[in-house]
Amino acid sequence: MISNLDAIRAAHRRAWSLGLGLCLGTPGVLAVLLLLKVVPAGSQPLEGPVLQVGYLFTGFVFLSAAWIWGRMAQVLQGFKGLPEARRPAVVLRECLLGAAVFELSSLLGLVYWLLVGALSPRHAWGFILLTPVLFLGLVPRLDRWMKALES
């Protein structure tokens, strides 16, 4: 019979692998599409409404990161109090939720590329490349889950 700690480790390994694959795969696919010019670069001037859209996208990305950060802190705080049988599912759910939410950054980067990619590619690439950075920085690793069980 598998112990609860082994089940948590297995769930984390599965979630971390799937989440990291998603957060590296999507930007990778987008990079190939953009570099091969399959997706055309937009040529809107970086002013007025387009500039406001960029600010809005930046706000969405930082808001999603703040939401995941707060959610992870809250889940980790209550992790020890969960029934043992639910803990692996919570680890799996929270890691995959973080990955899914961070995908927003890649999708917004693609939209921004379609708007201003020819004139300001660094902004679009910034959104796209933030996806794996946010996942690696904000989704708890196994040691944080184990530490939450101890405290």
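The analysis underlying the following values was restricted to heavy atoms, covering all of them including side chains, and did not include hydrogens, waters or symmetry mates.
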If a pair satisfies ring pair (Phe, Tyr, Trp, His ring centres under 6.0 Å) and one of its residues is in residues 77-99, list it, with sequence neighbours excluded. Phe79-Trp145

Can you name the one residue among Phe60, Phe57, Phe127, Phe135 that meets side-chain contact (heavy atoms from CB on, under 4.5 Å) with Ser105? Phe127

Looking at Pro88 and Ala85, what are the two nearest heavy atoms and their distance? CD-O, 3.7 Å

Do you know the tightest heavy-atom contact between Leu96 and Ala15? CD2-O, 3.7 Å

Please lay out, stage by stage, how Ile8 and Leu149 fare under the test side chain to side chain contact (heavy atoms under 4.5 Å, CB included). CA-CA 11 Å; Ile8 291 172; Leu149 284 175; 3.8 Å; yes

Pair Ser106-Thr26, side-chain donor/acceptor within less than 3.5 Å: no

Do Val133 and Leu22 sit in the same hydrophobic cluster, where Ile, Leu, Val, Met, Phe, Trp and Tyr count as joined when their side-chain heavy atoms come under 4.5 Å apart? no

So among Leu82, Leu5, Leu92, which one has a side-chain contact (heavy atoms from CB on, under 4.5 Å) with Arg87? Leu82

Is there a side-chain contact between Arg9 and Met146 (heavy atoms, below 4.5 Å)? yes

Heavy-atom pair of closest approach, residues Pro27 and Thr131: CG-CB, 4.0 Å

Does Pro140 offer a backbone N or O that forms a donor-acceptor pair with the side chain of His12 under 3.5 Å? yes

Which heavy atom of Ser64 sits nearest to which heavy atom of Val101, and what is that distance? CB-CG1, 3.5 Å

Does Trp125 share a hydrophobic cluster with Val39, counting links as ILVMFWY side-chain heavy atoms below 4.5 Å and allowing steps through other members? yes

Looking at Trp69, I want to see if its CH2 is surrounded by more than 12 non-hydrogen atoms of other residues, nucleotides or ligands under 6.0 Å. no

Show your working on side chain to side chain contact (heavy atoms under 4.5 Å, CB included) between Arg141 and Leu136 and close with a plain yes or no. CA-CA 9 Å; Arg141 294 197 169 88; Leu136 291 171; 3.9 Å; yes

Are Leu30 and Leu20 linked, directly or through other ILVMFWY residues, by side chains that come within less than 4.5 angstrom of each other? no

Applying ring pair (Phe, Tyr, Trp, His ring centres under 6.0 Å) as the test, list every pair that has at least one member in residues 85-107; sequence neighbours left out. none

side-chain hydrogen bond (donor to acceptor under 3.5 Å, both in side chains) partners of Arg93, counting only residues at least two apart: none

Hey, could you give me the CG/OG distance between Leu51 and Ser120, rounded to the nearest 0.5 Å? 9.5 Å

Heavy-atom pair with the smallest gap, counting every atom of Glu150 and Lys80: O-NZ, 3.6 Å

Do Trp113 and Leu33 sit in the same hydrophobic cluster, where Ile, Leu, Val, Met, Phe, Trp and Tyr count as joined when their side-chain heavy atoms come under 4.5 Å apart? yes

Would you say Trp67 ends up clustered with Leu134 if hydrophobic residues are merged whenever their side chains have heavy atoms under 4.5 Å apart, either directly or through other cluster members? yes

Could you tell me whether the side chain of Ile128 reaches within less than 4.5 Å of the side chain of Leu34, counting heavy atoms only? yes

Side-chain contact, heavy-atom cut-off 4.5 Å: Leu76 with Arg144? yes

Quick check: do Glu94 and Val139 have side-chain heavy atoms less than 4.5 Å from each other? no

